[in-house]
Amino acid sequence: MSWVPKVVALDIDGTLLKWVEGAGSTHEEVSPAVYDAVRRVREAGSHVVLASGRSPHGMTGVADLLDLHPGEPTDGSGADDQLWVVASNGAVVFRYPPLEVVHEELFDAGPAVKAVLERHPNALVAVEERGVGYRVTSHFPEGELSGDMIVTDLDELVAGPVSRVIIRDPEATADEFVALAEELGLHGTNYIVGWTAWLDIAPVGVSKASGLERVCAELGCTAADVLAIGDGRNDIEMLEWAGRGVAMGQAIQLVRDVADDVTADVYEDGAAQEISRWFPER
């Protein structure tokens with residue numbers, strides 16, 4: 001019998017949603033092809049898991065767009081089943097709806113943040129304020145963060161344990177932040193550099209893969225049962241970990257190199273094309 005994924009793990013930005021060029025944001029819309037493909041996964045009895053660097057409240061709207069609500073049959077029985085979601089690059093795992101946090105990883109981000117700011121003193125810093133938005137040292141460019149932005153003194157921002165910190169320098173480049181992350185390599189934290197001058201700092205060992213592993217343990221399956229699709233540097237661990245990891249067509253070479261396969265880009269509904277290989281239209 002041919003392999004069929006029991007879990008389909010999907011990145012959001014650049015995988016399910018298209019980018020708004022130059023705005024550092026995305027359209028909150030899902031194409032009909034992607035919508036239908038995701039629905040077929042659920043109808044076949046497999047699980048859909050959203051896995052993103054977004055904070056929890058930045059992901060629930062996408063779940064709503066996909067109509068991933070309780071009451072959908074995931075095992076052929078018609079039993080209610082909340083969606084599993086891996087947020088904040090693996091630091092938060094929750095179920096929805098309603099939003100119910102199952103696990104959250106916390107760490108002391110102070111030393112890492114201060115080390116980065118020594119090199120980029122004008123950079124913006126944000127810490128998630130779950131259910132509200134973000135506490136920030138100054139307002140981020142419009143559209144880059146979901147929810148409210150609460151301006152907060154830096155010392156207060158990193159005074160206690162946090163699940164994730166974002167550092168953004170609109171005057172720097174992604175390549176500069178890649179070099180910075182490699183140069184600093186501070187003990188006790190992981191660095192994830194985005195497609196722009198955007199640096200996520202997370203607890204060591206935490207990634208989308210670690211979050212998905214926790215979800216799979218709850219679902220009674222393993223990495224071998226997972227199809228994962230993504231396009232960013234923060235998807236690398238997930239694509240390596242999954243039984244089948246697929247990079248989007250517009251992904252940088254570093255991401256494409258770790259993937260088992262490469263699908264079409266987001267503007268050609270690459271996620272839908274890959275999903276349709278395993279869950280074809282009837």
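For clarity, every value in this text was computed on a predicted model and none was experimentally measured. The first residue of the sequence shown is numbered 1, and numbering continues consecutively from there.
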So, [X] side chain and [Y] main chain: donor-acceptor pair closer than 3.5 Å or not?
| X | Y | value |
| --- | --- | --- |
| Gln82 | Pro97 | yes |
| Ser88 | Gly90 | no |
| Gln250 | Val266 | yes |
| Thr173 | Glu176 | yes |
| Ser276 | Phe279 | no |
| Asp235 | Met238 | no |

Pair Leu50-Leu16, side-chain contact (heavy atoms from CB on, under 4.5 Å): steps then yes or no: CA-CA 10 Å; Leu50 300 183; Leu16 294 177; 3.8 Å; yes

Worked verdict on Val125 versus Val165 for side-chain contact (heavy atoms from CB on, under 4.5 Å): CA-CA 7 Å; Val125 182; Val165 172; 3.8 Å; yes

Listed partners of Trp278 passing ring pair (Phe, Tyr, Trp, His ring centres under 6.0 Å), at least two apart: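 Expected list: Trp3.
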
Results of ring pair (Phe, Tyr, Trp, His ring centres under 6.0 Å) for Phe94 - residues two or more places apart only: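 Per chain and number, Phe94 pairs via ring pair (Phe, Tyr, Trp, His ring centres under 6.0 Å) with no residue.
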
Flag if over 12 foreign heavy atoms under 6.0 Å of CD, Gln253: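 For Gln253, atom CD is crowded (more than 12 foreign heavy atoms under 6.0 Å).
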
Please list, one pair per line, the donor and acceptor atoms closer than 3.5 Å that link side chains of residues 217-227 to other protein atoms, with sequence neighbours excluded.
residue, atom, partner, partner atom, Å
Thr222, OG1, Ala224, N, 3.3
Asp225, OD2, Thr222, N, 2.9

Pair Ser163, Arg130: side-chain N/O donor-acceptor within cut-off below 3.5 Å: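 The criterion, which ignores hydrogens and geometry beyond distance, is not satisfied for Arg130 and Ser163.
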
Tyr35-Asp269 side chain donor-acceptor pair, cut-off 3.5 Å: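 Looking only at side-chain atoms, Asp269 and Tyr35 do not form any donor-acceptor pair under 3.5 Å.
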
Taking all non-hydrogen atoms of both residues into account, name the closest pair between [X] and [Y] and its distance.
| X | Y | result |
| --- | --- | --- |
| Ser55 | Arg164 | N-NH1, 3.7 Å |
| Val206 | Glu105 | CG2-CG, 3.7 Å |
| Pro161 | Leu106 | CB-CB, 3.9 Å |

Criterion side-chain contact (heavy atoms from CB on, under 4.5 Å) on Arg244 and Arg277, from CA distance to verdict: CA-CA 12 Å; Arg244 178 172 171 82; Arg277 294 184 60 174; 2.7 Å; yes

Worked verdict on Ile150 versus Val132 for side-chain contact (heavy atoms from CB on, under 4.5 Å): CA-CA 9 Å; Ile150 306 164; Val132 177; 3.9 Å; yes

